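This structure is a prediction, so every number in the text was calculated from the model and none was measured. When a ligand or atom number is given, it counts from 1 through the structure's own listing order.
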Amino acid sequence: MLTGLQVAFIGGDARQLEVIHKFAELDASVTMVGFDNLQSEFSGVNKKKLEPDWFGDLHALVLPAVGTDDDGVVDTIFSDEVLRITEDHIGRLPKQAKVYTGMAKPFLKGLCAKFDIELVELFERDDVAIYNSIPTAEGALMMAIQNTDITVHGSRSMVLGMGRTGLTMARTLQGVGAEVKVGIRRPEHFARAIEMGFDAFYLHELADRVKNIDLLFNTIPTMIVTAQVIANIPHRALIIDLASRPGGTDFRYAEKRGVKAMLAPGLPGIVAPKTAGRIIANTLSQLILDDFKNGRNKE
Ligand code: NAP
């Protein structure tokens, strides 16, 4: 239980409601900011304005998936109010308090560093990234189904990258009966891909290997699907780029050549907000509980 812990949630989307629900269940003292338009009420949860004066009581400050933008503004879909985190807020946090978010931009990193407040980026954790890869792969599959006139079963599909998302994507495609090629750069990943029944190839062969594909899923967060690669892709093919913005595809050249290419960020929050929220809720509650047990967050 999180009895006695003061936790504030600022902004977010449907995922954050799952997290708040879990923390309320675990008996934390929960404060919500930026949920004015929310119809349903959470029992035992305080709604407050974003005033710095109560930050001094907090053990944990929880921000949404993308903590703040480059000006400190926190995204919320449940309020018309602009929520801006400033030095006044972070500077009031007790030294042992922590700030939790999905991933942080330089603004938030700088602010926390300035006041020596620990910042925890949940999406950097392997467990969270692996759990999140499940709704990501399902969402990508949905996009492929919606944007093609063939079945994924029997399609010549390609996945670039065999990290946490790439591996799940490749297995998901294999599960529905696609022929799956996987582009990788490390010999140990090559060996694993072969063991799993994929048609593995090294990325330096990419331009040659795309010649007869139907679907391409990129998970490599660097320019990899270049104009030279796209020039060899059949016009019928669909590129779904899952890598974080700006993706790894030359979208300008794809459009020029008439190859359909889509950047698909944030799929877990779009296709499965409840599951994505539970992934965050379970990890975050365990993390905070461990800290609490270790006495790090005790007053
Ligand atoms: P990851 O586990 O780090 O995997 C990244 C893969 O890219 C690895 O196979 C890595 O190869 C490869 N790679 C990285 N830089 C490369 C380069 N310069 N050349 C060749 N290969 C390179 O990351 P992840 O968790 O799978 O996430 C992948 C991307 O998807 C990230 O941008 C992440 O933000 C994004 N993402 C998007 C969604 C969505 O909804 N669209 C959801 C989750 C994640 P090595 O193993 O050899 O380093």
Side-chain angles (χ1 to χ4, degrees), residues 12-15 64-67 75 101-106 108-109 121-147 157-173 180-196 198-210 215-226 228-229 238-251 261-280 283:
D13 54 25
R15 285 173 283 185
V66 178
D75 211 18
T101 185
M103 53 192 163
K105 296 208 171 191
L108 184 61
K109 286 184 180 170
E121 292 182 84
L122 294 170
F123 293 172
E124 279 197 345
R125 292 174 55 96
D126 263 346
D127 53 354
V128 174
I130 292 168
Y131 286 129
N132 262 336
S133 73
I134 302 167
T136 304
E138 285 190 13
L141 193 61
M142 177 192 78
M143 290 179 71
I145 292 166
Q146 285 173 339
N147 288 282
S157 292
M158 176 177 282
V159 177
L160 301 181
M162 205 173 136
R164 297 161 302 190
T165 308
L167 184 56
T168 306
M169 189 72 240
R171 269 192 358 94
T172 302
L173 290 164
V180 187
K181 296 180 201 297
V182 183
I184 30 214
R185 64 173 174 181
R186 294 197 210 199
E188 63 269 32
H189 289 170
F190 193 98
R192 179 59 69 197
I194 296 291
E195 177 274 323
M196 294 181 74
F198 302 129
D199 176 5
F201 68 93
Y202 284 109
L203 285 164
H204 62 81
E205 298 170 18
L206 178 59
D208 258 358
R209 291 300 203 107
V210 293
L215 294 165
L216 191 160
F217 300 86
N218 176 49
T219 74
I220 300 177
T222 190
M223 178 51 67
I224 186 93
V225 189
T226 58
Q228 191 201 352
V229 172
L238 171 68
I239 300 170
I240 297 179
D241 199 330
L242 299 170
S244 52
R245 283 181 205 283
T249 302
D250 187 338
F251 288 99
M262 313 167 88
L263 187 63
L267 288 174
I270 296 167
V271 302
K274 214 175 184 74
T275 305
R278 282 182 188 155
I279 291 168
I280 298 168
T283 310

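Nearest heavy-atom pair, Phe251 versus Pro246, reported as atom, atom and distance to 0.1 Å: CE1-O, 3.7 Å. Of all heavy-atom pairs between Ala140 and Leu267, the closest is N-CD1, 3.7 Å.
Scanning for side-chain hydrogen bond (donor to acceptor under 3.5 Å, both in side chains) contacts around Thr249 gives Asp241, with sequence neighbours left out.
For the pair Thr101 (side chain) and Glu121 (backbone), a donor-acceptor distance under 3.5 Å is absent. No donor-acceptor pair closer than 3.5 Å links the side chain of Thr219 to the backbone N or O of Ala243.
The 4.0 Å heavy-atom shell around ligand 1 contains residues Thr136, Gly161, Met162, Gly163, Arg164, Thr165, Arg185, Arg186, His189, Leu203, Thr219, Ile220, Pro221, Thr222, Leu242, Ala243, Ser244, Ala264, Pro265, Gly266, Leu267, Pro268, ordered by chain and number.
Under 3.5 Å, the side chains of Ser133 and Thr168 contain a donor-acceptor pair of N or O atoms.
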